[in-house]
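Accompanying notes for the structure given below.
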Amino acid sequence: AQTVTQSQPEMSVQEAETVTLSCTYDTSESDYYLFWYKQPPSRQMILVIRQEAYKQQNATENRFSVNFQKAAKSFSLKISDSQLGDAAMYFCAYRRDSGYALNFGKGTSLLVTP
Amino acid sequence: DAGVIQSPRHEVTEMGQEVTLRCKPISGHDYLFWYRQTMMRGLELLIYFNNNVPIDDSGMPEDRFSAKMPNASFSTLKIQPSEPRDSAVYFCASSLGAPSEAFFGQGTRLTVV
């Protein structure tokens, strides 16, 4: 079974600064998808960014970018110019190419201080 | 589109009672997923459907749990009888096709006392 590990239960960043959230995963597959989801206090799970394993280029969505290291099985999320609204739980998730369910990490709680 | 709609948002029930959680996926989506979120175990897949057919129910914890999808616009997750350890947030999600992103509902917080 594929496992997803987020080694940072909590992280803190000052407003306007940059923070990186870590994620590693274990798989024997060559084709798969990786995601970062955000869960604010409202409980809604919101997709932040996705990465296809066959793409070498790191995905970017505005202030959010990833550092995808396929050989190292690492998928970190960088949030630039952090805003108070970025405070939330962040979940890293993996999905096999041929399977459709997401395997989630345990999450990282991000605190943004003024 | 209104997104994935779950009801109720909160449910408090007594141990031994039957609980039914409801989900309306995004129109046109052909995959529907039920997840459970707890502090101890995080987010776990319970079951998922493709075109209303259950594909993988290996995550359903016990026979007390059952899920149905009678049509493309409605699914239920039933727990009978409920136990305090079933207390969790239950999410429904839907997607269009295999590799696309899953859109989540706002979840149902279930408390069994």
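Just so we're on the same page: letters track the sequence lines, and every chain starts at 1.
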Positions in residues 36-45 of chain A that reach chain B, provided some heavy atom is under 4.5 Å away: A:Tyr37, A:Gln39, A:Ser42, A:Arg43, A:Gln44, A:Met45
Chain A contact via B:Leu45 - which portion, at a heavy-atom distance below 4.5 Å: side chain
Toward chain A: residues of residues 104-113 of chain B with heavy atoms under 4.5 Å: B:Phe104, B:Gly105, B:Gln106, B:Gly107, B:Thr108, B:Arg109
Pairwise distance CZ(A:Arg95) to CD(B:Glu101) - rounded to 0.5 angstrom: 9.0 Å
Residues of residues 69-92 of chain B within contact distance of chain A, non-hydrogen under 4.5 Å: B:Val89, B:Phe91
Heavy atoms from other residues, nucleotides or ligands near CD of B:Glu62 exceed 12 (cutoff 6.0 Å): yes
Co-membership, hydrophobic cluster, residues B:Met60 and B:Phe33, 4.5 Å side-chain: no
Cluster link B:Met39 to B:Leu46, ILVMFWY, side chain under 4.5 Å: no
Transitive ILVMFWY side-chain link A:Tyr94 to A:Leu77, under 4.5 Å: yes
Neighbour count above 12 (heavy atom, 6.0 Å) for A:Lys70 NZ: yes
A:Ala101 backbone acceptor or donor facing B:Tyr31 side chain under 3.5 Å: no
Those residues that, when tested against B:Glu44, pass salt bridge (charged side-chain N to carboxylate O under 4.0 Å, His left out) (two or more places apart): B:Arg36, B:Arg41
ILVMFWY cluster, A:Phe104 and B:Leu32 together (side-chain gap under 4.5 Å): no
Side chain / backbone / both / neither for A:Phe91 at chain B, heavy atoms under 4.5 Å: side chain
Cluster link B:Tyr48 to B:Leu21, ILVMFWY, side chain under 4.5 Å: no
Residue pair B:Tyr35 / A:Leu102, side-chain heavy-atom distance below 4.5 Å: yes
